[in-house]
Amino acid sequence: MSAAGETAAGRRPAIRAMTDRDVEAVVAVWAASGVARPWNDPARDIAFARRDPHSTVLVAEADGQVVATAMVGEDGHRGWVYYVAVDPDRQGEGFGHDVMAAAEAWLAARGVWKVQLLIREDNVGVRRFYESLGYRDMRTVCMQKVIG
Ligand SMILES: CC(C)(COP(=O)(O)OP(=O)(O)OC[C@H]1O[C@@H](n2cnc3c(N)ncnc32)[C@H](O)[C@@H]1OP(=O)(O)O)[C@@H](O)C(=O)NCCC(=O)NCCS
């Protein structure tokens with residue numbers, strides 16, 4: 001772990017569930033890191049993830065700033081992680097690993113034993129990041145339909 005990835009106090013960042021005060025910073029990290037999409041309203045996604053105890057948005061804070069996020073939740077069968085994002089100015093410092101470890105711990109604390117995530121087809125490079133964390137391509141196709 002690089003020293004640059006440590007907080008000013010020399011420790012790994014505190015990771016916590018976001019609060020209402022973090023919404024702007026979270027949306028900014030999503031926009032800057034490229035995980036935001038025009039057809040997904042980030043404020044709506046945040047509010048929906050935080051509406052009940054089955055999901056939340058975790059944030060990593062360093063030097064007083066939100067630097068990384070992961071939306072995490074369980075659907076009664078598997079754990080899911082979305083919006084894994086690190087401020088581009090702070091990428092490569094270990095925050096991605098930190099926030100993924102926190103998401104897995106959040107799920108494990110709720111008894112979830114498998115976690116999965118989606119990678120857009122054109123986001124080729126990021127596969128190595130997840131593989132380094134033990135994730136494997138399950139060779140499945142995700143199909144989706146808007147129902148509301
Ligand atoms: C993917 C992401 C969350 C990783 O966070 P990070 O803080 O930069 O990652 P870490 O510092 O914890 O880990 C870095 C490791 O991941 C690898 N890695 C991270 N992103 C990568 C990418 N896009 N392509 C290739 N390797 C990548 C690095 O090579 C590095 O490997 P090493 O430790 O062997 O050198 C971050 O780069 C990001 O926000 N990317 C843009 C948004 C995105 O694509 N999110 C994932 C959506 S599925």
Side-chain angles (χ1 to χ4, degrees), residues 1-7 11-18 22-51 54-148:
M1 207 61 80
S2 72
E6 297 177 356
T7 64
R11 297 183 297 273
R12 294 311 303 167
I15 298 182
R16 56 175 174 80
M18 69 173 286
D22 299 312
V23 171
E24 203 178 317
V26 167
V27 172
V29 169
W30 291 359
S33 66
V35 295
R37 287 294 179 274
W39 53 87
N40 292 330
D41 175 354
R44 182 187 186 196
D45 284 355
I46 288 168
F48 198 64
R50 296 177 65 215
R51 80 194 186 286
H54 295 283
S55 51
T56 191
V57 179
L58 301 177
V59 293
E61 228 179 355
D63 308 322
Q65 304 285 331
V66 170
V67 295
T69 74
M71 182 184 285
V72 60
E74 53 90 5
D75 60 12
H77 182 49
R78 298 284 186 246
W80 283 94
V81 184
Y82 300 92
Y83 286 111
V84 177
V86 176
D87 180 340
D89 291 339
R90 306 300 302 260
Q91 289 178 6
E93 298 181 28
F95 294 120
H97 279 89
D98 290 337
V99 84
M100 282 299 297
E104 291 174 12
W106 189 97
L107 291 165
R110 287 157 180 79
V112 178
W113 63 97
K114 280 187 187 173
V115 55
Q116 52 203 29
L117 51 87
L118 301 169
I119 300 177
R120 290 182 194 281
E121 212 167 19
D122 58 359
N123 200 355
V124 179
V126 81
R127 286 182 185 212
R128 287 207 307 277
F129 167 73
Y130 290 118
E131 282 166 2
S132 77
L133 295 172
Y135 288 76
R136 297 290 169 259
D137 183 350
M138 297 304 289
R139 315 294 299 175
T140 53
V141 173
C142 172
M143 297 182 70
Q144 194 177 73
K145 177 182 175 184
V146 178
I147 56 166

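Values in this document were obtained by computation on a predicted structure and should not be read as measured data. Numbers here are sequence positions counted from 1.
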Side chain to side chain, V29 and V86, heavy atoms closer than 4.5 Å: no
Heavy-atom check, side chain of R90 versus side chain of D63, under 4.5 Å: yes
Step-by-step side-chain contact (heavy atoms from CB on, under 4.5 Å) determination, V59 to R16: CA-CA 6 Å; V59 293; R16 56 175 174 80; 3.6 Å; yes
Other residues, nucleotides, ligands: >12 heavy atoms within 6.0 Å of R51 CZ: yes
Salt-bridge criterion met for R50 and D22 (N-O under 4.0 Å): no
Nearest heavy-atom neighbours spanning V81 and A103: CG2-CB, 4.2 Å
Minimum-distance pair of heavy atoms, taken over all atoms of A49 and V57: CB-CG2, 4.2 Å
Charged N-O contact under 4.0 Å between R136 and E131: no
R127, CZ atom: more than 12 neighbouring heavy atoms under 6.0 Å: no
Indicate every side-chain donor-acceptor pair of residues 109-125 with a distance under 3.5 Å to a residue at least two apart or in another chain.
from, atom 1, to, atom 2, distance (Å)
R110, NH1, W106, O, 2.7

Exercise: identify the closest heavy-atom pair between I15 and A102: CG2-CB, 3.5 Å
Side-chain touch Q91/F129, heavy atoms, less than 4.5 angstrom: no
Non-hydrogen side-chain atoms of D87 and Q65 separated by less than 4.5 Å: no
Spacing of D45 atom CG and S55 atom OG [to the nearest 0.5 Å]: 11.0 Å
Closest non-hydrogen atom pair, A85 against S33: CB-OG, 3.2 Å
Residues M18, V23; criterion side-chain contact (heavy atoms from CB on, under 4.5 Å); working and verdict: CA-CA 8 Å; M18 69 173 286; V23 171; 3.6 Å; yes
What side-chain donor-acceptor pairs closer than 3.5 Å can you find for residues 66-79, not counting sequence neighbours?
from, atom 1, to, atom 2, distance (Å)
T69, OG1, W30, NE1, 2.9
T69, OG1, Y83, O, 2.8
E74, OE1, G76, N, 2.9
E74, OE2, H54, ND1, 2.8
D75, OD1, H77, N, 2.9
D75, OD1, R78, N, 2.8
D75, OD2, W80, NE1, 3.0

